[in-house]
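To start, the structure under review is shown below, and the notes come after it.
Chain naming here is simple, since letters A, B, ... match the order of the sequence lines and numbering starts at 1 in each. Keep in mind the model is a prediction, meaning the values are calculated, not measured.
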There are 2 protein chains.
Amino acid sequence: MNNSKKYSLEVRVWIEESDGPFLGIGKIWLLENIQKTGSITNAAKEMKMAYRQAWQLVEEMNQRAESPLVEKLLGGKGGGGAKLTKAGEKAITVFYEIEKRIKDFALKETQNLKF
Amino acid sequence: MNNSKKYSLEVRVWIEESDGPFLGIGKIWLLENIQKTGSITNAAKEMKMAYRQAWQLVEEMNQRAESPLVEKLLGGKGGGGAKLTKAGEKAITVFYEIEKRIKDFALKETQNLKF
DNA sequence: TATCAGTATTCATTTTAAAACATACTGAAA
DNA sequence: TTTCAGTATGTTTTAAAATGAATACTGATA
């Protein structure tokens, strides 16, 4: 008879670029919230993160991607805003596709862990 | 013609237990160093980590595993030491097996990422 | 041409985790 | 019964990261 502790396997996936971690689930959530709210400010509020932090993440993503993932609009009606580029939308779907395939595999591979 | 930025997929794997993350590559390295050096003190030095921290990780592992992964020896010749239990040795091999299977799969699945 | 909300940027403050320090405790062996 | 190196544990420093506050900038539109 065995102890009944439950263990499960967790997998984290991210895209690495020459200067280090480039795109993981955190930035993907940020992209999704920008898409949903139309601005970095509101996306940040949604996620309860500081605007400054969100802005820096967007800046970093845009500089390190082959082409910008977020288009920022300065001034004008409503002060401006931010929206995803085609590349930004693509990044979300590609990321989730890859993540899903790997997590499904991991789940299938690991049943009844014991430690 | 396309930009030549290189992207790669990174995967991190760890074992989760009811109270959160239980065993990842960091603790595995610690186990390996304990195995190699025969004490927590020397394992910590090897890894340039504080003894206190290493000791706490061992404590946590032992309490949350079904049975202890590290056997600690108090006092005596040389002040004591630490060695892996059978369960500790098993944990290392099982962890690496799982990790390898998943990383191999991830590598195979993802070629030519673009962002 | 004044307004307005969001972007852009700097600086001070808080939070956090990690490391460093200090000090008992343990027990085989000389 | 003293020595000794490693375990055990609390306290203090340090360093890094996140947050918060403050301020200037932008430009369509009323």
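- Inter-residue side-chain proximity for A:Leu9 and B:Glu16 is flagged as unmet; no heavy-atom pair is nearer than 4.5 Å.
- Counting to the nearest Å, the C1' atom of C:dG27 and the NZ atom of B:Lys72 are 17 Å from each other.
- Atom CG in B:Leu74 sits roughly 13 Å away from atom P in C:dC25 (whole-Å rounding).
- Taken residue by residue, residues 28-53 of chain B places heavy atoms nearer than 4.0 Å to DNA chain D at B:Ser39, B:Ile40, B:Thr41, B:Asn42, B:Tyr51, B:Arg52.
- The phosphate of C:dG27 has neither OP1 nor OP2 within less than 4.0 Å of any side-chain N or O from B:Lys77.
- The side chain to side chain contact (heavy atoms under 4.5 Å, CB included) search around B:Asp104 returns B:Lys100, not counting sequence neighbours.
- Remark: of the listed residues A:Glu59, A:Glu32, A:Glu60, A:Glu60 is the sole one forming a salt bridge (charged side-chain N to carboxylate O under 4.0 Å, His left out) with A:Lys27.
- With respect to B:Lys36 and B:Glu46, a salt bridge is recorded, a charged nitrogen being found less than 4.0 Å from a carboxylate O.
- Among D:dT9, C:dG6, D:dT29, the nucleotide with an atom closest to any side-chain atom of B:Trp55 is D:dT9.
- Between A:Thr37 and A:Lys45, every side-chain heavy-atom pair lies at or beyond the 4.5 Å cut-off.
- The CD-C1' distance, from B:Glu71 to D:dT7, rounds to 14 Å in whole Å.
- Positionally, the nearest nucleotide of DNA chain C for A:Gly75 lies more toward the 5' end than for the other of A:Gly75 and A:Gln56.
- Nucleic acid contact class of B:Gly80 (heavy atoms, under 4.0 Å, all strands): sugar-phosphate only.
- Ring geometry, B:Phe105 versus A:Phe105: the interplanar angle falls under 30°, so the pair is classed parallel (tilted spans 30 to 60°).
- Between A:Trp14 and A:Leu23, every side-chain heavy-atom pair lies at or beyond the 4.5 Å cut-off.
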Base-pair map of DNA chain C as dot-bracket, where | denotes pairing with a different strand and pairs are Watson-Crick or G-U under 3.5 Å: ||||||||||||||||||||||||||||||

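- In this structure, CD in A:Gln56 is found 11.0 Å from CD1 in A:Ile40, a value given to the nearest 0.5 Å.
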